[in-house]
Visitor: 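The structure follows.
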Amino acid sequence: MDNLYPDYDRNKKRFEDDFKDCSDFLLRDAVVCGEKGFFCAMDGLIDSLQLSQMVVSPILGRKLDFKDNNDLLNQIKLSVVNSVELNEATTFEDCYFFLMSGFCVFVLDGCNKALVFGIQGWARRSIDEPSNEANVKGAKEAFIEALNDNKALLRKRLKTHHLKFKQIKLGSAADTPVVIAYIDNRADSELVSEVEQRLKAAHFNTVLDYGELIPFVDTDVLSFFSCVGNTERPDVAASKLLEGRIVIMVEGTPFATYLPYLFSDNFQSVDDYDNPPFHSGFIRILKYFSFVISIFMPGLYVAVGTFHQELIPTNLLYTIASEEITTPFSLMTEAIILLVLYEIMREAGLRLPKAIGHAVSIIGGIIIGETTITAGLIGAPMLVVIAMTAISSYVVYPLYESVSVLRLVFIILGGVFGMYGIILGAGVVFVNICALNPFGVPLSAPISPLDTHSVGDIFYRETWKRLSHRKVRVNELRGANIDTGKKG
């Protein structure tokens, strides 16, 4: 990293050379108390009115007595400018980072450091209702792409000095601000240090989205399930912080990631804590049931229909046989074809412009719902099974990526090995979930190992009179065998 020069001309030439052909780079020469200097900023990232009223006018309009230029710069810093967000930069790299973050940089002749003033004013999206984590009774605000606004949303909910925002820069080609948020009297200090070390050890050109960071803080154990959660809701992130977890936020993305992550987090929602306990418990059991259906139902149907017909009631067996005898494919092939077609249409519906996205559902209903049955390519019972599976997979949406692949695996296991393959495959999945132990906190906790103190918020929800007395910390759910997840 090159330090700033004491010479005005060399500093100005370096800035102009580095920002050559950058039409958004603004540079203005100035004379301050008889000494040469210049202001520079990036157009579109600053508020021009703040630049004029809070920085340029006060500096150019004051007459100061000073010993040398460093003293002049220090007086400007302490008693002239009106900007609250004020820092010093000693290297060109630091100056450029502040420029790209909406700061104005002021360089004075004879000084090898610059003053930077926060006057951010770029266009940003308003804080809208969450689009991926819908709720009925909860808050209607979500994170946006502006990192400072996201920090403010958390600070507004957690009014305590124990909430810390540790900001680091990642990326060798272009620095990206990344914030590690935690509550210092609840989170494990070793966990915070470990997360920071892993992120700093990652070699990025730049970080464009939160998903790029997940592999570096996730476990190395091969699994269909991630040990890092994400949310777009500030209230969810705040509740995780209160449990002693770490929240990671990246500039430019409206999602925050948090860890350690528990498998039971997939089955909880904000509405659970606003509804009566008996209803919340019913909904949670329904979610666990839907998760099981979405993974195992197609495979079980294929296994029973192919190898274990004696398990099917006679009347139902006759209905299934009369439908399947006219189709040219086996049950396993039918299930795979339908699921692949469904995933294709789902992906097309997600990527198409909204104006024509509804056409996919119309075409899908015609192709899958009517034509395939009329043409005798697919049996009606199989279509019912796949439709129930597809709907069930959306009940626990955070696990959709895992479910979409696992159900294909279980269809193949059921079609090749029957019930034995399904049972063995289920055992492997459950063992794999219990084996994931990132940062010493089991993914399956508090079910395995069983923690009776924490289990009251897993399959059902206790009343707030009891929940309010619990002081659960995620770092207290540590298992005996710890997988640190360190790389290498």
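Residue numbers count from 1 along this sequence. If you're wondering where the values come from, they're calculated on a predicted model, not measured in any experiment.
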Visitor: Give a yes or no answer on whether the side chain of N112 reaches the backbone of T90 with a donor-acceptor pair at less than 3.5 Å.
Guide: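 Checking the backbone N and O of T90 against the side chain of N112, no donor-acceptor pair under 3.5 Å is found.
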Visitor: Is the backbone of K137 close enough, under 3.5 Å, to the side chain of D271 for a donor and an acceptor to pair up by distance?
Guide: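 Yes.
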Visitor: Starting at CG of N266, measure out to CG of L399 and round the result to the nearest 0.5 Å.
Guide: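 Interatomic distance, N266 CG to L399 CG, rounded to 0.5 Å: 3.5 Å.
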Visitor: Of the non-hydrogen atoms in A238 and L154, which two are nearest, and what is the gap between them?
Guide: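 Where A238 meets L154 most closely, the heavy atoms are N-CD2, 4.0 Å.
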Visitor: Nearest 0.5 Å, what's the CG-CG distance between D235 and L153?
Guide: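 The distance works out to 10.0 Å.
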Visitor: Do you know which two heavy atoms are closest between V396 and K287, and how far apart they sit?
Guide: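 Closest approach of V396 to K287: CG2-O, 3.4 Å.
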Visitor: Taking side chain as C-beta onward, heavy atoms only, is F38 less than 4.5 Å from N11?
Guide: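 F38 vs N11: side chains touch.
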Visitor: Decide, yes or no, whether a salt bridge links K169 with E93 under the criterion of side-chain N to carboxylate O below 4.0 Å.
Guide: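 A salt bridge is absent here (no side-chain N lies under 4.0 Å from a carboxylate O).
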Visitor: One thing to verify: whether K164 and E196 come together as a salt bridge, which I'm taking to mean a side-chain N less than 4.0 angstrom from a carboxylate O.
Guide: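 Salt bridge absent between E196 and K164.
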Visitor: Between T176, N150, N230, D209, which is the residue that forms a side chain to side chain donor-acceptor pair (under 3.5 Å) with T253?
Guide: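 Answer after filtering T176, N150, N230, D209: D209.
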Visitor: List the steps and the verdict of side-chain contact (heavy atoms from CB on, under 4.5 Å) for D265 and R245.
Guide: CA-CA 13 Å; D265 291 336; R245 309 199 203 194; 2.5 Å; yes
Visitor: Is K113 salt-bridged to E88, going by a charged N under 4.0 Å from an acidic O?
Guide: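 The answer is yes: the pair qualifies as a salt bridge.
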Visitor: Say you draw a straight line from CZ of F410 to CG of L300; how long is it, rounded to the nearest 0.5 Å?
Guide: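 Output value for this atom pair is 9.0 Å.
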Visitor: Run the side-chain contact (heavy atoms from CB on, under 4.5 Å) check on T389 and Y342 step by step: do they pass?
Guide: CA-CA 11 Å; T389 302; Y342 163 72; over 6 Å; no
Visitor: Is the shortest heavy-atom distance from the side chain of L213 to the side chain of T257 under 4.5 Å?
Guide: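 No - every pair of side-chain heavy atoms lies 4.5 Å or more apart.
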Visitor: On a heavy-atom basis, which atom in N82 and which in P58 lie closest, and how many Å separate them?
Guide: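 Looks like ND2-CG, 3.8 Å.
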Visitor: Hey, are the side chains of I180 and L199 touching, using non-hydrogen atoms and a 4.5 Å cut-off?
Guide: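 They are in side-chain contact.
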Visitor: For a 4.5 angstrom cut-off between non-hydrogen side-chain atoms, does L99 reach Y96?
Guide: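 Yes, their side chains come closer than 4.5 Å.
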Visitor: Looking at F143 versus Y210, is the centre-to-centre ring distance below 6.0 Å?
Guide: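 No, the ring centres sit 6.0 Å or more apart.
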Visitor: Once rounded to the nearest 0.5 Å, what's the spacing between atom CZ of R28 and atom CZ of F106?
Guide: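 Taking CZ in R28 and CZ in F106, the distance rounds to 10.5 Å.
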Visitor: Has T91 got a side-chain atom pairing as donor or acceptor with N3's backbone, closer than 3.5 angstrom?
Guide: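 Between the backbone of N3 and the side chain of T91 there is no qualifying donor-acceptor contact (under 3.5 Å).
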Visitor: Walk me through whether D188 and F439 qualify under side-chain contact (heavy atoms from CB on, under 4.5 Å).
Guide: CA-CA 10 Å; D188 188 347; F439 302 101; over 6 Å; no
Visitor: Cut-off 3.5 Å, side chains only: do S269 and N135 have a donor facing an acceptor?
Guide: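 There is no such pair (donor and acceptor under 3.5 Å, judged by atom type) between the side chains of S269 and N135.
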Visitor: Is the distance between the ring centroids of Y460 and F278 less than 6.0 Å?
Guide: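 No: the rings miss the under 6.0 Å criterion.
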Visitor: Just how far is it from atom CZ of F117 to atom SG of C104, taken to the nearest 0.5 Å?
Guide: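 F117 atom CZ to C104 atom SG measures 6.5 Å (nearest 0.5 Å).
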Visitor: Does E401 offer a backbone N or O that forms a donor-acceptor pair with the side chain of S404 under 3.5 Å?
Guide: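 Here the side-chain-to-backbone pair exists.
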Visitor: Within the structure provided, determine whether R186 and H162 are in side-chain contact (heavy-atom separation under 4.5 Å).
Guide: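 SC-SC contact between R186 and H162 ruled out.
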Visitor: Would you say the side chain of F15 lies within less than 4.5 Å of the side chain of C95, judging by non-hydrogen atoms?
Guide: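 In contact.
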Visitor: Identify the heavy atoms of L4 and A114 that sit nearest to each other, and give their distance.
Guide: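 Between these two residues, the closest heavy atoms are CD1-N, 3.6 Å.
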Visitor: Checking the side chain of S57 only, and the main-chain atoms of Q53 only, is there a donor and an acceptor separated by less than 3.5 Å?
Guide: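 It does not hold such a pair.
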Visitor: Under a 3.5 Å distance rule, please check whether S290 uses its side chain to pair with a backbone N or O of L286 as donor and acceptor.
Guide: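 It does hold such a pair.
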Visitor: Mark yes when over 12 heavy atoms from residues, nucleotides or ligands other than L222 sit less than 6.0 Å from its CG; otherwise mark no.
Guide: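 No, CG of L222 has 12 or fewer neighbouring heavy atoms, counting only those of other groups under 6.0 Å.
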Visitor: Testing the basics here: between A187 and I246, what is the closest heavy-atom pair and its distance to 0.1 Å?
Guide: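 A187 and I246 have their closest heavy atoms at CB-CD1, 3.9 Å.
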Visitor: Ignoring hydrogens and angles, tell me if any N or O in the side chain of E232 forms a donor-acceptor pair with the backbone of E133 under 3.5 Å.
Guide: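 The answer is yes, because a donor-acceptor pair under 3.5 Å joins these two groups.
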Visitor: Hey, is the main chain of D128 close enough, under 3.5 Å, to the side chain of S126 for a donor-acceptor pair?
Guide: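 Absent.
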Visitor: Is the Y394-Y400 ring centre distance short of 6.0 angstrom?
Guide: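 Aromatic pair counts; centres sit under 6.0 Å.
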Visitor: Determine whether a donor-acceptor pair (N or O, by modelled atom type, separation under 3.5 Å) exists between the side chain of S239 and the backbone of V236.
Guide: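 Side chain of S239 to backbone of V236, a donor-acceptor pair under 3.5 Å: yes, one is there.
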Visitor: Do the side chains of Q167 and L147 get nearer than 4.5 Å, heavy atoms only?
Guide: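 They are in contact (side-chain heavy atoms under 4.5 Å apart), so the answer is yes.
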Visitor: Would you tell me whether S280 and N275 have side-chain atoms, one donor and one acceptor, within less than 3.5 Å of each other?
Guide: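 No.
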Visitor: Considering only heavy atoms from C-beta outward, does the side chain of F289 approach that of V395 to under 4.5 Å?
Guide: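 Not in contact.
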Visitor: I'd like to know if R125 and D149 make a salt bridge, using a cut-off of under 4.0 Å between side-chain N and carboxylate O.
Guide: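 No.
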Visitor: What's the separation between atom CD in E145 and atom CH2 in W122, rounded to the nearest 0.5 Å?
Guide: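 The distance works out to 12.5 Å.
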Visitor: Could you tell me whether a side-chain N or O of D2 sits under 3.5 Å from a main-chain N or O of F92, the two making a donor and an acceptor?
Guide: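 The answer is no, because no donor-acceptor pair under 3.5 Å joins these two groups.
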Visitor: Yes or no on side-chain contact (heavy atoms from CB on, under 4.5 Å) for L259 and L191, after CA distance, side-chain angles and deciding distance?
Guide: CA-CA 9 Å; L259 51 93; L191 174 60; 4.3 Å; yes
Visitor: State whether the number of non-hydrogen atoms from other residues, nucleotides or ligands found under 6.0 Å of F282 atom CZ is greater than 12.
Guide: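 No, the 6.0 Å shell around CZ holds no more than 12 heavy atoms from other groups.
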Visitor: What closest approach, in Å, do P298 and V385 show between heavy atoms, and which atom pair accounts for it?
Guide: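 Closest approach of P298 to V385: CA-CG1, 4.0 Å.
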